[in-house]
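All chains are named by letter (A, B, ...) in the order of the sequence lines, taking the proteins before the strands, and each is independently numbered beginning at 1.
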Protein chains: 2
Amino acid sequence: MTSREMTTALVPRLADEIRDKLIAGEFQPGQRLSEPALCAELQVSRNSLREAFRLLTKDGLLRHEPNRGVFVATPDMASIIDIYRMRRIIECRALEQAHPKHPAVARMRRAVDTALERSASGDWRSVGSANMAFHAAIVDLADSTRLSAFYTQIAAELRLCFGLLDDPEFLHAPYVDQNAAILAELEAGRPAAAAAALEAYLARSERTVLAAFTRIRENGA
Amino acid sequence: MTSREMTTALVPRLADEIRDKLIAGEFQPGQRLSEPALCAELQVSRNSLREAFRLLTKDGLLRHEPNRGVFVATPDMASIIDIYRMRRIIECRALEQAHPKHPAVARMRRAVDTALERSASGDWRSVGSANMAFHAAIVDLADSTRLSAFYTQIAAELRLCFGLLDDPEFLHAPYVDQNAAILAELEAGRPAAAAAALEAYLARSERTVLAAFTRIRENGA
DNA sequence: TCTGTCAAGATCGTTCAACGATTTTATGAT
DNA sequence: ATCATAAAATCGTTGAACGATCTTGACAGA
């Protein structure tokens, strides 16, 4: 670890790496993450790994059981409902009060364009990422450091839920156009209409996720 | 560490302990927290301390500078303004949609009674704690795990700001009655009126804190 | 065969020691 | 007084160690 490239501190990088694996569905929910095993896989010491675990536990992505280890969080219906409640409050309000020339609008535009492009080529995972970036940009319209940080956390949890579901096309494709429509309203100077569209978007998305989740639950159990 | 009382895991307890010290103003903002020194003071190893540091850094109470150590966060006006924006959104909305028979209302009542009692005996620090408990209970009216967790974090940051200010009576006393009034409106089945009163409360509190903060800034620098 | 007990075995929780890398300070020369 | 350099203090990370706790599997008795 001496002469290697160390652009960033180890622990946050480690946390990001594990977060990516979680979001990518590389671990099953409820699965135990063995410290020795992950240490070996990620080539870090136990102490560093444990620091990263603390961060991810605080994010709600891992669950910590005393003397038993950390487990991948197992999202339940209550989590999904709670997350969507937060999204409605945060995103709709941010959009509603947004100024159409806010710099975050440009990022929304880029995200929509990327999503359109990638959905044409069938890269649904990238479409999902672009969608998430779009909504993160919406939150940034509110210009609140704390709100954006909170949303980042919520979004990671939601992506963990998505990871449970198997059909990314079904999960992301229908929303590309809705995002575009929301952005169009905002760019046209109608934030209230944009917020209303977003409200509808979220309602539909929640229904879809909950339904898929129920299906999984029934099949899995 | 073997035979001592270990009701809870060490690291979270450690984080709480440091958080309390921070809120109590035991460290100056911007002050560097030396790992060896705190290890000796708290009788824990460096690794455990570092894990606790990670948690508090994520809470915004500490700032982490690579290769330099952790520092007590130095709240600025932007933080205060941002925190109060969050409070307005979170608390007012929660109160507005609250059912007067929600269990959290009982906790609000207890907090108000405690605050009244302690303010009579001049224990302003306890009054401050009771006030914070009152507002945390307001947030719990929304029945959202994530929202309550987020608010806990915001509240800790705010208390760090309070810690900078010197006159706790001036800072807490005027609000005991306002809290009582807000609660009365809610108990009377008028959540909208309660929310309006809270809005006024927060506006006044924000002005007070910002003014005190400005005064400190001018005197200190 | 089933079940309850008990002894490994595997991990976790925590601490300690070590070492390179970086920052800060003390020192000394110009 | 200023700047370069050496010394001291930490930080970042690792590795090992040890008691405590959980899990597993064997074994004896019903």
Side-chain angles (χ1 to χ4, degrees), chain A residues 1-19 21-22 26-74, chain B residues 1-19 21-22 26-74:
Chain A
M1 189 48 52
T2 307
S3 58
R4 210 170 309 166
E5 48 169 338
M6 293 228 306
T7 54
T8 303
L10 171 62
V11 173
R13 206 151 31 93
L14 196 51
D16 288 343
E17 196 170 345
I18 299 173
R19 198 194 328 268
K21 285 177 187 291
L22 288 170
E26 198 159 316
F27 305 113
Q28 292 304 310
Q31 174 186 344
R32 162 138 164 268
L33 296 185
S34 148
E35 290 183 0
L38 261 188
C39 285
E41 181 180 336
L42 301 174
Q43 297 287 346
V44 295
S45 77
R46 246 181 90 207
N47 297 18
S48 301
L49 183 64
R50 284 171 59 85
E51 289 187 35
F53 275 173
R54 295 280 179 201
L55 295 178
L56 294 168
T57 299
K58 196 161 179 82
D59 275 349
L61 265 42
L62 299 179
R63 189 168 27 91
H64 201 144
E65 296 190 16
N67 280 315
R68 298 203 44 219
V70 298
F71 300 76
V72 180
T74 60
Chain B
M1 190 47 51
T2 308
S3 57
R4 212 169 307 169
E5 48 171 336
M6 292 227 306
T7 54
T8 304
L10 172 62
V11 172
R13 204 153 30 94
L14 195 52
D16 289 343
E17 196 170 343
I18 299 173
R19 197 194 330 269
K21 285 178 187 290
L22 288 170
E26 197 158 319
F27 305 113
Q28 292 306 310
Q31 174 185 344
R32 162 138 166 265
L33 296 184
S34 143
E35 291 183 0
L38 261 187
C39 284
E41 181 180 338
L42 302 173
Q43 297 287 350
V44 295
S45 75
R46 253 181 84 206
N47 302 80
S48 301
L49 183 64
R50 285 171 59 84
E51 290 186 35
F53 275 174
R54 295 280 179 201
L55 295 179
L56 294 168
T57 298
K58 200 165 177 74
D59 275 349
L61 265 41
L62 299 179
R63 190 168 26 92
H64 201 143
E65 297 190 15
N67 281 315
R68 299 204 43 218
V70 299
F71 300 76
V72 180
T74 60

side-chain hydrogen bond (donor to acceptor under 3.5 Å, both in side chains) against A:Gln31, all qualifying residues, sequence neighbours excluded: none
side-chain hydrogen bond (donor to acceptor under 3.5 Å, both in side chains) partners for B:Ser45, two or more places apart: B:Ser48
Could I get a table of every N or O pair under 3.5 Å where one atom is in the protein and the other is in nucleotides 22-26 of chain C?
{"residue": "C:dT24", "atom": "OP1", "partner": "B:Arg68", "partner atom": "NE", "Å": "2.7"}
{"residue": "C:dT24", "atom": "OP1", "partner": "B:Arg68", "partner atom": "NH2", "Å": "2.8"}

Whole-Å gap separating C1' (D:dC11) and CG (B:Leu38): 14 Å
A:Glu65 CD to D:dT23 C1', straight-line distance once rounded to whole Å: 14 Å
Heavy-atom closest contact (A:Thr74 atom, A:Gly30 atom, distance): CG2-N, 3.2 Å
Residue-phosphate contact under 4.0 Å: B:Ser48 side-chain N/O, C:dG13 OP1/OP2: no
Integer-rounded Å distance: C:dT15 P and B:Leu42 CG: 11 Å
Single hit among B:Glu35, B:Arg63, B:His64, B:Arg50 for side chain to side chain contact (heavy atoms under 4.5 Å, CB included) with B:Val70: B:His64
Euclidean distance, atom CZ of residue A:Phe71 to atom C1' of C:dT11 [Å, nearest integer]: 11 Å
Among D:dC11, C:dT15, C:dT11, the nucleotide that comes nearest once only the side chain of B:Arg50 is considered: D:dC11
Exceeds 12 heavy-atom contacts within 6.0 angstrom, atom CD of B:Gln28: no
Residue list, side-chain hydrogen bond (donor to acceptor under 3.5 Å, both in side chains) with B:Arg19, at least two apart or on another chain: B:Asp16, B:Asp59
For B:Ser34, side-chain hydrogen bond (donor to acceptor under 3.5 Å, both in side chains) partners two or more places apart: none
Integer-rounded Å distance: D:dA9 P and B:Leu33 CG: 20 Å
Close residues, residues 51-59 of chain A, relative to DNA chain D [heavy-atom separation under 4.0 Å]: none
Gap between atoms CG and P, on A:Leu49 and C:dT11 respectively (whole Å): 14 Å
What protein N or O atoms touch nucleotides 16-18 of chain D N or O atoms at under 3.5 angstrom, if any, and at what distances?
{"residue": "D:dA17", "atom": "N6", "partner": "A:Arg46", "partner atom": "NH1", "Å": "3.3"}

Which residues share a side chain to side chain contact (heavy atoms under 4.5 Å, CB included) with A:Arg32, sequence neighbours left out: A:Phe71
Side-chain N or O of B:His64 closer than 4.0 Å to phosphate OP1/OP2 of D:dC11: no
Results of side chain to side chain contact (heavy atoms under 4.5 Å, CB included) for B:Pro12 - residues two or more places apart only: A:Arg54, B:Ala9
Atom-to-atom span, CD of B:Glu35 to C1' of D:dT13 - whole angstrom: 11 Å
Protein-nucleotide distance (A:Arg13, atom CZ; D:dG12, atom P), rounded to Å: 13 Å
Shortest non-hydrogen contact between B:Val72 and B:Leu62, atoms and distance: CA-CD2, 4.0 Å
Sequence-distant partners of A:Glu17, salt bridge (charged side-chain N to carboxylate O under 4.0 Å, His left out), two or more places apart: none
